[in-house]
Amino acid sequence: MIKPDAVANGHIGAILDKITKSGFKLVALKLTSLSAEKAGEFYAVHQERGFYKDLVAFMSSGPIVAAILEKENAIEDFRKLIGATDPSKAEPGTIRNLFAKSIDANAVHGSDSDENAEIEGRFFFSAFERV
Ligand code: ATP
Ligand code: MG
């Protein structure tokens, strides 16, 4: 997912360019937005954390881009491409290093397992929206 900060700052094209040039195939793609309820559902695993309320407010604050990506070793390679959760700790050249300003507004989300990628893909897309 490209988060509301990166969409608002005009980075959709640059981020998709980096993703596709890094060998990821786009399987589904859409510009949409999350209600607070849907954002809360998406990040439900964090509901006990202190930052949950702010995270839900931020993720429902503006348009996002959802995508399903495919690649060998996709989860690990995508986490490497986006960099650390806190952009100040993200390696130079990573998406969060280039396009994010803070741990709250950190430009992109990546799934953390194949299982969660399946669940998150179904959260955003129906079967006929996937190639
Ligand atoms: P994402 O799931 O969005 O790809 P991540 O897997 O790198 O990020 P998670 O631990 O899953 O990190 O946290 C989800 C999101 O919650 C982070 O992207 C960040 O915006 C926010 N977050 C995580 N930890 C903190 C924190 N300590 N303070 C504020 N926000 C945080
Ligand atoms: Mg995560």
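Note that the numbering runs from 1 along the sequence shown for the chain. Atoms within each ligand, like the ligands themselves, are counted from 1 in listed order. The analysis underlying the following values was restricted to heavy atoms, covering all of them including side chains, and did not include hydrogens, waters or symmetry mates.
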Item to complete: Check whether the side chains of T94 and E91 place a donor and an acceptor atom closer than 3.5 Å, and report yes or no.
Response: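 On atom types as modelled, these side chains do not qualify, holding no pair under 3.5 Å.
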Fill in: Residue N106 vicinity, atoms of ligand 1 by number, heavy atom under 4.0 Å
17 (C), 18 (O), 19 (C), 20 (O)
Worksheet item: Which atoms of ligand 1 have any heavy atom of G110 under 4.0 Å away?
Response: 4 (O)
Discussion item. For the 3.5 Å polar cut-off, considering only N or O atoms, please tell me whether R49 and ligand 1 meet it.
Written reply: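 Not met; the criterion fails.
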Worksheet item: Based purely on interatomic distance, does L55 place a nitrogen or oxygen under 3.5 Å from a nitrogen or oxygen of ligand 1?
Response: no
Side chain, backbone, both or neither: which applies to [X] and ligand 1 if a contact is any heavy-atom pair less than 4.0 Å apart?
X	value
E120	neither
F58	neither
M59	neither

Could you grab the distance from atom [atom1] of [X] to atom [atom2] of [Y], nearest 0.5 Å is fine?
X	Y	atom1	atom2	answer
K3	H109	NZ	NE2	7.5 Å
I68	L29	CD1	CG	10.0 Å
T85	D104	OG1	CG	11.5 Å
F125	K30	CZ	NZ	5.5 Å

Give me the residue, atom name and distance of the protein heavy atom closest to [atom].
atom	value
atom 16 (O) of ligand 1	F51 CE1, 3.3 Å
atom 2 (O) of ligand 1	H109 ND1, 2.9 Å
atom 20 (O) of ligand 1	I103 O, 2.7 Å
atom 10 (O) of ligand 1	H46 CE1, 3.7 Å
atom 5 (P) of ligand 1	R79 NH2, 3.4 Å
atom 8 (O) of ligand 1	R96 NH2, 3.3 Å

Discussion item. Is the distance from the ring center of F123 to that of F42 below 6.0 Å?
Written reply: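 They qualify: ring centres under 6.0 Å apart.
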Discussion item. Taking the ring centre of each residue, are F99 and H11 less than 6.0 Å apart?
Written reply: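 Yes: the rings meet the under 6.0 Å criterion.
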Fill in: R79 bridged to E76 by N-O distance under 4.0 Å
no
Worksheet item: Taking atom 17 (C) of ligand 1 as the point of reference, which of T85, D86, D112, V56 owns the nearest heavy atom?
Response: T85
Discussion item. Run F78 and F24 through ring pair (Phe, Tyr, Trp, His ring centres under 6.0 Å) and show every step you take.
Written reply: CA-CA 9 Å; F78 193 72; F24 292 86; 5.5 Å; yes
